[in-house]
Amino acid sequence: MTIPAATIEASRADTNARFSSTQNLASDDIQAFVVPGDTAAVDLRRENDYSVSSAPQLAAAAGIRYFNGSLQSAPDADVQWPFPVSVPTSSNFGPRWGRMHEGADFTPGEGSQIRAIAGGTVRIATENGGAFGVTVYIESTVDGQTVFSRYAHMLNGSLGVREGQTVSAGTVVGRVGNTGRSFGAHLHLEVSTKNGKLDPVSWLQEKTSG
């Protein structure tokens, strides 16, 4: 599970400019989707200090309420899904409501742990991400290509990383919330390279298959 090769040069300033919370975002842009009203917060206490093997156990340990029952990727893989089990998506990458939805919205339930999809350096970790609410950006390099991942609308007070920190794939970066311009608890995940935004679901499927 690796990211395709090519290298981009970007200073920290370039990174912040590229992924600032207001970049290319009109005041009425909504990177969100409505999810069931009965979604509730889950009290999480176990973080990563558990040993379980079944999908229901993994889901429970990560505070996930809604899942599809299958495991997504090995815990030591270079590229991983943001959740340890398969969870529903309420809105995928592509045209939506007359504009481009530049990510995918995952709906495992409020309070679910969100994990880094690849190791790298945290460039932005803030509770003041504007329309994206509590937000983390990670810069990853695998096989020579730089890939940026954005984790948006996370729960207030749930940031698990800080700017400048080096993280591994699977590191808990925060928890699913409903902050910023959002109308239901979900993770808005974006993946991009120097060539622009990618479909996160398709990219993850490709990088985690075999």
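Residue numbers count from 1 along this sequence.
- Minimum heavy-atom separation, V122 to A125: CG1-CB, 3.9 Å.
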Practice task
For the pair S149 and Y151, evaluate side-chain hydrogen bond (donor to acceptor under 3.5 Å, both in side chains) and give the outcome as yes or no after the intermediate values.
Solution key: CA-CA 7 Å; S149 50; Y151 311 79; 2.8 Å; yes
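- Counting all heavy atoms, side chain and backbone alike, T126 lies closest to N128 at OG1-N, 2.9 Å.
- Between D199 and N92, the closest side-chain pair of non-hydrogen atoms is not below 4.5 Å.
- Side-chain atoms of S140 come within 3.5 Å of backbone N or O of G119 as a donor-acceptor pair.
- Of the listed residues (R123, R150, E163), just one forms a side chain to side chain donor-acceptor pair (under 3.5 Å) with Y137, and that residue is R150.
- By the 4.5 Å heavy-atom criterion applied to side chains, Y66 and T107 are not counted as neighbours.
- Listed for the E139 side chain is no donor-acceptor partner under 3.5 Å among the backbone atoms of T146.
- The distance from the OG1 atom of T171 to the CD atom of Q80 is 8.5 Å, given to the nearest 0.5 Å.
- Under the 4.5 Å side-chain criterion, counting only non-hydrogen atoms from C-beta, F67 is not in contact with L58.
- The side-chain heavy atoms of K197 and F148, taken from C-beta on, include no pair separated by under 4.5 Å.
- Between the side chain of H153 and the backbone N or O of T179 there is at least one donor-acceptor pair closer than 3.5 Å.
- The two residues G184 and N178 make their nearest non-hydrogen contact at N-OD1, 2.9 Å.
- The two residues I64 and P84 have their closest heavy-atom pair at CD1-CD, 3.8 Å.
- Here the CZ atom belonging to F132 is positioned 11.0 Å from the CD1 atom belonging to I124, to the nearest 0.5 angstrom.
- Side-chain contact between H188 and D105: present, with at least one pair of heavy atoms (C-beta onward) separated by less than 4.5 Å.
- Of the candidates V173, L155, L189, I114 forms a side-chain contact (heavy atoms from CB on, under 4.5 Å) with just one, namely V173.
- For the pair D78 and A169, the tightest heavy-atom approach, listed with the atom from each and the gap, is O-CB, 3.5 Å.
- Shown here for G63 and S112, the closest heavy-atom pair between the two residues is O-OG, 3.0 Å.
- Between F83 and F106, the ring planes lie tilted relative to each other; the angle falls in the 30° to 60° range.
- Atoms CZ and CD, on R65 and E110 in that order, are 9.5 Å from each other to the nearest 0.5 Å.
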